[in-house]
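Have a look at the structure below before the remarks.
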Protein chains: 2
Amino acid sequence: MIKITLPDGTIKEFTKGSTPMDVANSISAGLARNVISAKFNDTVVESVTALNEDGHLTLYTWNDTQGKKAFWHSTSHIVAQALEELYPGIKLTIGPAIDNGFYYDVDFGEHTLSEKDFPEIEKRALEIARGKHDFKLHPVSKADALFLYKEQGNEYKVELIENLEDGTITFCDHDTFTDLCRGGHIPNTGIVKAIKILNVAGAYWRGDENKPQLTRVYGISFPKQKELTEYLEMLEEAKKRDHRKLGRELELFTFSQKVGQGLPLWLPKGAALRERLENFLKKAQKKAGYEMVVTPHIGSKELYVTSGHYEKYGSDSFQPINTPKEGEEFLLKPMNCPHHCEIYNARPFSYRELPKRYAEFGTVYRYEQSGELHGLTRVRGFTQDDAHIFCTPEQLDQEFKNVIDLSLYVLGSLGFDNFTAQVSVRDLESPEKYIGSVDNWEKAENAIINAATEKGLDFVIEKGEAAFYGPKLDFMVKDALGRQWQLGTIQVDYNLPERFDLTYKGSDNELHRPVMIHRAPFGSMERFIALLLEHTGGNFPLWLIPEQAIVLPVSEKHEKYAEKVLSSLENNDIRAQIDARNETVGKKIREAEMNKIPFMLIVGENEEEANTISVRRHGGEDLGLISIKQFTDLVVTEINSTLKSFK
Amino acid sequence: MIKITLPDGTIKEFTKGSTPMDVANSISAGLARNVISAKFNDTVVESVTALNEDGHLTLYTWNDTQGKKAFWHSTSHIVAQALEELYPGIKLTIGPAIDNGFYYDVDFGEHTLSEKDFPEIEKRALEIARGKHDFKLHPVSKADALFLYKEQGNEYKVELIENLEDGTITFCDHDTFTDLCRGGHIPNTGIVKAIKILNVAGAYWRGDENKPQLTRVYGISFPKQKELTEYLEMLEEAKKRDHRKLGRELELFTFSQKVGQGLPLWLPKGAALRERLENFLKKAQKKAGYEMVVTPHIGSKELYVTSGHYEKYGSDSFQPINTPKEGEEFLLKPMNCPHHCEIYNARPFSYRELPKRYAEFGTVYRYEQSGELHGLTRVRGFTQDDAHIFCTPEQLDQEFKNVIDLSLYVLGSLGFDNFTAQVSVRDLESPEKYIGSVDNWEKAENAIINAATEKGLDFVIEKGEAAFYGPKLDFMVKDALGRQWQLGTIQVDYNLPERFDLTYKGSDNELHRPVMIHRAPFGSMERFIALLLEHTGGNFPLWLIPEQAIVLPVSEKHEKYAEKVLSSLENNDIRAQIDARNETVGKKIREAEMNKIPFMLIVGENEEEANTISVRRHGGEDLGLISIKQFTDLVVTEINSTLKSFK
């Protein structure tokens, strides 16, 4: 008999050789139907893997990230079989699951795969899936494995196997197909009900441009056809809302090859939008007792040796900046915390003066490979809405609650109602992994969990996910397309106060170590604006949108009245322009719609006579003839309904 | 006879061999009394140098920078004589004039010069001066010059002479003293009426730390004793107002060895002050039609190769930043213009859309040797209140006027009433030095001169002082201590539009080249705040000062009323705090005075009963018992008297 510990802590006994599926069956038939993969003592296993010792078991279904990975990785085997059948002689290399689906890198020889080939591949793959073939993982000797692939002339697999140790090599069979594979499969092909080949791209073998170029076939699969349909619709919508496309159309930002990849240039409308976001947060932060500071974008190497960043990230970062003489070395700052520690260190503090809350919209630079760059979400330079709170251990509880309040205020004001939180705590079984006293860790973890509970957050606790220097809370936001984004980490830190020798004088007149909290409700201005663009499709909340209204004179003779309307709007702090081009009102309305302007104010004969405006909302709703006062009241009311004052 | 052209263009004839002093005498006896140095065809000459050919002559008096330089350089000869007499066997090296006075670098051998030696040196130097000895410059052969200093065992002078060409070497004699010297002296020692040795410092021979260390003796001299007294008083006052000292005391900024030299860290009060200054300018700029943009703090090498900065400054700058792989090279941005050119280039423009005015508080990084760094006035990272205007040549005139308006608004709102301007134009005799068409240059120079005239500026035109890429206007501001600072350049640029191939479509449907104007009314936030600190001694204009008022409860029982007062002030946007420490009101007033807080609001029994406050102004004026409303009105009135709205 073996003892199996389940995630909720219950321990059950099974005969040696039982499988995860047996465990699932022992719990409920429903669970067993849904189990598609499992983890046994930190190793991914198949649902049919025999368990021969005591251990911790986690069962995965389609609803778990790990379950989806097994599902998609298994589909890559099915697609590989289809490809081999349709294009005999091709050489398969690797086929992993990714965040959304899977890919398989294939050497197609002379053949060039294109979109028109996709339906045939999907059709054959689905036929294979319907065969309900079991995935069977079995060990192979290195010699046998090499023999097989040498015979096939597949130098890629040969190279992979040569780097493996004899005794650790497994193959996975299903139907007529065999592949070198470490495991992590669903029980059988039959549960894959929908398969879509998404696109193909070039990819170098092992990511090395000196090696042969392969064809990367991207795909995705689902347990229900309906889910695939929804996913494809979402992809279509996401394409329309792609922040790179909207950013260009709305003239928010641009990139320049000469300035450099991954370094956004903010155009006037985008810069103004950013500033509104910053001012919004500054105002709330001021009320919450934060103080703004300003620090340089470089720091000497010594600063990062002190903080520990140099040792950890040095060689993967932008390389040091040397001075012409003097032999000094500086680094582009990858984060603001070391600078803020030096500000704290600029003078002594008494416990009576804490907490100190230093905030900065600090622009930081982090190297990313050019292939990894993506619009505003993966850049090489970005501005964090950063702040560091230095407090006594006793103040941590209250400070953490205050930060959650501020984060919830930010999410609410920007229309994100759909979010959860994750609390990352220590792995109690490996205390050696963590810096700081056990007492402080307990205090901090309790502070976070209490705060999250008291504030009514929907949160999960992830054991062992804390950083070595402290526990944290992450907000996970779902956007309008149902995609999950990590936003706003609140991180407790015992490490930097130690490394920078930060102190305060306690009521006992002795020096003590403060605790630090890192927090950034937006995360980065760049990524947040990208998210906001994709979440709203460019229809930003009224308080934030670049142009709130546009005045459309019906003809040239109403321009003067249009100017009068505009100046009334400006006096009421409404951002507006006049479209005085010699075009039809119909065309002007169409373009204003494209430009996502919330209100179109049409002014002609009738409006001028009655001293009114005809108001049309973005999307088409007609608000009729109203006075300018009525309109400005409407705007103010609408803004106040989303943008409340903090506290 | 020779023809001498004077600065005003008049040409006079003199016999060959006439001296600048003869020319002065021919103009007026008064001028001749004051002439102390001269420039003949771009070469500094003595007032007694014989002129043997036609040429341009400028006469200098004490009121000219060049006159002062001759005066101070001559004094260094006198002081050197005194030192040789007082410390026989010392070795003289070099003794130039500097911006304020002069120095002489001396090898004192075993002797260590200290402050207690200064009076004796001054006394002897003054005795020599009173001897009214003529300065006599005369040529010496290289062999004779080397012989003299070798005999004296002065290896420094020997080294200097060895690097000179035979036939170009001159000595200058006065009294019993002789020195190797290129010239630029006053007629005789007698006009030096006051000499002060200011301090001594170590200095390496030729600035090279591997060479012997010398003693640098700093001094200054004046034609009147009264001027020295005033200068020393000014130095005393400047010491009190030193922005480094005030910045520390008022907790505005700090430096950290770990972050790096010359990289200021802005503390909360300083960051808030900066932000108020930025918001003040942003508001005016918005009205003036500027649009804010945001650009990164690095740019690829290619950007600076395009702009020409790489070739010109590359090796003296912070060195390039390499990426871990990919072989890319980036540079810290030393200016914002190349980035703004790329923003302009992001889309095509029609003449109807110009001018475009892109503004950014852009932080730039420029390498300075650590020995050159000084507080906030000489730093390695600073934020420019930068903007670039892209306009048609026809718009240049109006745009230049607009920029002057904005600059005058900035100076006025910050209490600088004492300023002049300098217009730098081409040297018409060397047209090959300049880029851009003659026609455009004429237009631009006229535009600047017209604008300066129309706006009633007190300005001088400096021929040949324009940059190769365009003419400019500089504002020169005198601070409260009478010191001159250069502030706010407005620079026309024909070069970058060419290099970045900037265009707009004209009314003729053809592509044309826009003109660029660079401008920064503050110059840099860091330097401007330093200037403002030294100009005001920390007593910033009321609208700008960190704390406008402090509430001082007489005893603990009035704290609650003090809170009430504070909250009224905050509701009226007055920045204030309460000093609730258990100290006497007298001590609290003294500290508030030290902290330069404009208003002290004392609240005790009487005040609480009458719902009033006792107001004391910084400096001591008693405004008596007034209501909070009266006080807030007073503050608003005072602010409005300096801070007007732009336009």
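Note on naming: letters A, B, ... go to the chains in the order of the sequence lines (proteins, then strands), and numbering restarts at 1 for each one. The structure presented is a predicted model; accordingly, all values stated were derived computationally and were not measured.
At a heavy-atom separation below 4.5 angstrom, chain B is approached by A/His339, A/Glu342, A/Ile343 within residues 333-345 of chain A.
Taking chain A as the reference chain and counting heavy-atom pairs below 4.5 Å, the highest number among B/Thr306, B/Val305, B/Thr383 is found for B/Thr306. Your options are B/Thr254, B/Val294, B/Ile298, and the one with the most heavy-atom pairs under 4.5 Å with chain A is B/Val294. The candidate with the highest count of non-hydrogen atom pairs below 4.5 Å against chain A, out of B/Pro296, B/Ala346, B/Pro320, is B/Pro296. The most heavy-atom pairs under 4.5 Å with chain A, out of B/Arg347, B/Lys258, B/Gln261, come from B/Lys258. Contacts with chain B were tallied for A/Pro268, A/Gly381, A/Gly299, A/Ser317; A/Pro268 has the most, counting heavy-atom pairs under 4.5 Å.
No side-chain heavy atom of B/Val259 sits less than 4.5 Å from a side-chain heavy atom of A/Thr295. Side-chain contact check for B/Phe390 versus B/Phe349: every heavy-atom pair is 4.5 Å or farther apart. Within the 4.5 Å cutoff, the side chain of B/Leu332 has heavy atoms near those of the A/Ile321 side chain. B/Asp386 has its side chain out of reach of B/Phe361: every pair of non-hydrogen atoms, C-beta onward, lies at least 4.5 Å apart.
For A/Phe330, the part lying under 4.5 angstrom from a heavy atom of chain B is the side chain only. Contacts of B/Ser370 with chain A are made by both backbone and side-chain atoms, with heavy-atom separations under 4.5 Å. With a 4.5 Å cut-off on non-hydrogen atoms, B/Gln369 touches chain A through its backbone and its side chain both. Both the backbone and the side chain of B/Asn322 come within contact range of chain A, each with at least one heavy atom under 4.5 Å from a heavy atom of that chain. Residue B/Tyr290: no heavy atom, backbone or side chain, is found under 4.5 Å from chain A. Neither the backbone nor the side chain of B/Phe253 comes within contact range of chain A; no heavy atoms are under 4.5 Å apart. Within the 4.5 angstrom heavy-atom criterion, atoms from both the backbone and the side chain of B/Phe318 approach chain A. Looking at B/Lys282, only its side chain comes within 4.5 Å of chain A, counting heavy atoms on both sides.
Here B/Phe382 pairs with nothing under the ring-ring contact (aromatic ring centres under 6.0 Å, His included) rule; sequence neighbours left out.
For A/Tyr310 and A/Tyr304, the ring centers are positioned 6.0 Å apart or more.
Remark: B/Leu502 CG to B/His388 NE2 distance equals 11.5 Å, nearest 0.5 Å.
For the residue pair A/Lys283/A/Ser645, the side-chain donor-acceptor check at 3.5 Å is not satisfied. No side-chain N or O of A/His297 forms a donor-acceptor pair with one of A/Tyr365 less than 3.5 Å apart. No donor-acceptor contact under 3.5 angstrom links the side chains of B/Ser300 and B/Glu328, judged on distance only.
The shortest non-hydrogen separation linking A/Gln319 to A/Leu331 is C-CD2, 4.2 Å.
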### Message
Under the criterion salt bridge (Lys or Arg N to Asp or Glu O under 4.0 Å), I'd like the reasoning laid out for B/Glu291 against A/Lys269: C-alpha separation, chi angles, the key distance, then a yes or no.
### Response
CA-CA 8 Å; B/Glu291 299 177 298; A/Lys269 283 183 194 171; over 6 Å; no
